Amino acid sequence: MSTTLQNDLLIRAAFSQQTERPPVWMMRQAGRFMKEYWDIKNKYSFLEMCKTPEIAADVTMLPVDLLGIDAAILFSDILVTAEAMGGDLSFEQGVGPRFSNPVRSVKEAEALSIDCLDKLQYVADAIKVIQQRLDNRIPLIGFAGAPFTILSYLVEGGSSKDFKLTKLMLNNQPELAHMILQKIADVTVAYLNMQIEAGVNAIQLFDSWALALSWNDYRDFSHYYNKQIISKLNRKDIPVISFCKGSSVFAPMMVEAQPDVVSIDWNADLKNIKQSLPQGIAVQGNLDPFVLYAEKPVIKKKIIELFERMRGENGFIFNLGHGIMPDIPFDNVKYAIEVVKEFRY
């Protein structure tokens, strides 16, 4: 598929091929730091935006048109799978996602549906609309939340600072945790394969809260399922990016799941990580998003330092260690992307 793309930098870098410069996209690149995002957000609820293909396409295209990034990422949310499985999901201003029916017992876990792909059809429809609008200019990244992260939202009933209830389940009721995780994994495989069939060019698996786990718990309750998911994807010509907060610690295990790319948080030296991974595994990252609050000369200096460090390494996608914060100045994000695009190896 990448052969038909006018700009296939991301695909080539993801497959560890040589690129003339690092490709750039940013997590949360279509979001609250953009006035144009608020123009849409003020008219619709967040879930309406996700579930209306035309609106999801409008938001997905904002950073394509306004920032000139090298890849678009589908506008959606990691929690749509949990909602399709039976979670009563809402988003509250200033609070974030809530599930009014948390899953904490065997009975509640048994009630979670795995035959729910039809409820996610709006995502496939959005992908088709976005791809029409992109018209092969740049790749479109599809994504899903990894099972452990989805489990934590379902068990906690929303976001959590300490994941106490989730960890209690892992420790006291590991069989229950595994039952829920397996259901989420099964849905996630079907969901990502549906996105691939609908036309995405790459996939990212987001394990946002893996950082909460110890090494052994990450192995048993996260990695085990991520590996299963990646092994079941129809990934011919479709690179798979594995992201977690904590990747600077977990990268050696993450590669055992055989993604094409490991996305690294900002705590590690990217070159050291890259050289510790098997040949042919690309890395993505890993600028601290807080750098984008700084003055422009600082932004440029930090990006160029990273690029000089990575000089000579094939398989490098520039991104942030996590997502863009809502109050980062739009001009700074745009400037950072210009700095990347002017760079040449």
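What you see is a predicted model; the values in this text were computed from it and never measured. The analysis underlying the following values was restricted to heavy atoms, covering all of them including side chains, and did not include hydrogens, waters or symmetry mates.
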**OP:** If the plane angle is over 60° it's perpendicular, under 30° parallel, otherwise tilted; pick one for H178 and Y225.
**Re:** tilted

Original post:
Within a strict 4.5 Å, meaning less than it, do heavy atoms of the R32 and W38 side chains meet?
Top reply: yes

Original post:
So how far is it from S159 OG to R98 CZ, rounded to the nearest 0.5 Å?
Top reply: 8.0 Å

**OP:** Write out all pairs satisfying ring pair (Phe, Tyr, Trp, His ring centres under 6.0 Å) with one or both partners inside residues 58-98, taking only residues at least two apart or from two chains.
**Re:** F46-F75, F46-F91

Original post:
In Å and rounded to the nearest 0.5 Å, what is the OH to CE distance from Y191 to M85?
Top reply: 13.0 Å

Original post:
Picking from N226, L211, V249, what satisfies side chain to side chain contact (heavy atoms under 4.5 Å, CB included) with Y218?
Top reply: N226

Original post:
How about D70 and N7: does a side-chain donor come under 3.5 Å of a side-chain acceptor?
Top reply: yes

**OP:** Go through the steps to decide whether D65 and E36 satisfy the test side-chain contact (heavy atoms from CB on, under 4.5 Å), and finish with yes or no.
**Re:** CA-CA 11 Å; D65 299 332; E36 293 79 0; over 6 Å; no

Subject >> ILVMFWY network linking V261 to L9, side-chain heavy atoms under 4.5 angstrom >> reply: no

Subject >> Under the side-chain hydrogen bond (donor to acceptor under 3.5 Å, both in side chains) test, residues paired with T149 that sit two or more places apart >> reply: D207

**OP:** Starting at CE of M34, measure out to CG of L67 and round the result to the nearest 0.5 Å.
**Re:** 4.0 Å

Subject >> Backbone N/O of E110 and side chain of K183: donor-acceptor pair under 3.5 Å >> reply: yes

**OP:** Apply side-chain hydrogen bond (donor to acceptor under 3.5 Å, both in side chains) to N332 and list each qualifying residue two or more places apart in sequence or on a separate chain.
**Re:** none

Original post:
Hey, what's the ring geometry for F316 with F318, parallel, tilted or perpendicular (30° and 60° as the breaks)?
Top reply: perpendicular

Original post:
Hey, does L66 have a side-chain heavy atom less than 4.5 Å from the side chain of F330?
Top reply: yes

**OP:** Look only at the side chain of D265 and the backbone of G321, and say whether a donor-acceptor pair between them is shorter than 3.5 Å.
**Re:** no

Original post:
Checking E108 side chain against S105 main chain: does a donor-acceptor pair fall under 3.5 Å?
Top reply: yes

Original post:
Taking the six-membered ring for Trp, are W209 and Y153 parallel (under 30°), tilted (30 to 60°) or perpendicular (over 60°)?
Top reply: tilted

Original post:
In this structure, are over 12 heavy atoms from other groups packed under 6.0 Å from N101 atom CG?
Top reply: yes

Subject >> F290-L320 co-clustered via ILVMFWY side chain contacts under 4.5 Å >> reply: yes

**OP:** Using atom types as modelled and distance alone, determine if a side-chain donor or acceptor of K302 lies under 3.5 Å from a backbone N or O of V291.
**Re:** no

**OP:** For D269, check side-chain hydrogen bond (donor to acceptor under 3.5 Å, both in side chains) against everything at least two apart and list the hits.
**Re:** R309

Original post:
Any chance NZ of K296 has more than 12 other-residue heavy atoms, nucleotides or ligands included, within less than 6.0 Å?
Top reply: yes

Original post:
Is there side-chain contact between I150 and I180, with at least one heavy-atom pair below 4.5 Å?
Top reply: no

Original post:
Considering only heavy atoms from C-beta outward, does the side chain of L140 approach that of T60 to under 4.5 Å?
Top reply: yes

**OP:** Answer with yes or no whether the hydrophobic clustering places L168 together with F221; edges join I, L, V, M, F, W, Y residues whose side-chain heavy atoms lie under 4.5 Å apart.
**Re:** no

**OP:** State yes or no: do V59 and V129 share one hydrophobic cluster built from I, L, V, M, F, W and Y residues joined by side-chain heavy-atom distances below 4.5 Å, directly or via other members?
**Re:** no

Subject >> Donor on one side chain, acceptor on other, D135 and Q6, under 3.5 Å >> reply: no

Original post:
Has the side chain of K119 got a donor or acceptor atom that lies under 3.5 Å from a matching backbone atom of E83?
Top reply: no

Original post:
Among side-chain atoms of Q258 and S231, is any donor-acceptor pair under 3.5 angstrom?
Top reply: no

Original post:
Taking the side chain as C-beta and beyond, is there a heavy-atom pair between I317 and W25 under 4.5 Å?
Top reply: yes

**OP:** Locate the shortest heavy-atom distance separating P97 from L89; write the atom from each residue and the value.
**Re:** CB-CD1, 4.0 Å

Original post:
Under 4.0 Å between a Lys/Arg side-chain N and an Asp/Glu carboxylate O for D58 and R133?
Top reply: yes

Subject >> Derivation and outcome, side-chain contact (heavy atoms from CB on, under 4.5 Å), residues V340 and F307 >> reply: CA-CA 9 Å; V340 177; F307 286 3; 3.8 Å; yes

Subject >> Donor-acceptor contact below 3.5 Å, side chain T52 vs main chain E48 >> reply: yes

Subject >> Pair E20 + R12, salt bridge at N-O below 4.0 Å >> reply: yes

Subject >> Exam field: side chain S152 to backbone T166, donor-acceptor pair closer than 3.5 Å >> reply: no

Subject >> Close side-chain approach of I69 and V64, heavy atoms under 4.5 Å >> reply: yes

Subject >> Backbone of I281 reached by a side-chain donor or acceptor of K274 within 3.5 Å >> reply: yes

**OP:** Measure the CZ-CG distance between F33 and D331 for me, rounded to the nearest 0.5 Å.
**Re:** 11.0 Å

**OP:** Would you sort out whether V200 and L74 count as a side-chain contact (heavy atoms from CB on, under 4.5 Å), showing the intermediate values?
**Re:** CA-CA 9 Å; V200 297; L74 166 71; 5.7 Å; no

**OP:** Return yes if some donor-acceptor pair links the side-chain N/O of R235 with the main-chain N/O of K232 below 3.5 Å, else return no.
**Re:** no

**OP:** Check whether any side-chain N or O of Q131 sits under 3.5 Å from a backbone N or O of G199 as a donor-acceptor pair, and report yes or no.
**Re:** yes

Original post:
According to the ring pair (Phe, Tyr, Trp, His ring centres under 6.0 Å) rule, which pairs have a member within residues 109-152, sequence neighbours left out?
Top reply: F143-F206

**OP:** Report yes if the side chains of E342 and R21 come closer than 4.5 Å at any heavy-atom pair, otherwise no.
**Re:** no

**OP:** Would you name the heavy atoms of A282 and A14 that are closest together and state the gap between them?
**Re:** CB-O, 3.7 Å

**OP:** Would you tell me whether N193 and E197 have side-chain atoms, one donor and one acceptor, within less than 3.5 Å of each other?
**Re:** no

Subject >> Basic-acidic side-chain contact under 4.0 Å: K271, E308 >> reply: no

Original post:
Atom CG in L79, atom CG in L154: separation rounded to 0.5 Å?
Top reply: 7.5 Å

Original post:
What pairs with K301 under side-chain hydrogen bond (donor to acceptor under 3.5 Å, both in side chains), at least two apart in sequence or on another chain?
Top reply: E305

Original post:
Can you tell me how far OG of S247 sits from CD1 of I273, rounded to the nearest 0.5 angstrom?
Top reply: 7.0 Å

Original post:
Got D327 and Y293 here, is their nearest side-chain heavy-atom distance under 4.5 Å?
Top reply: yes

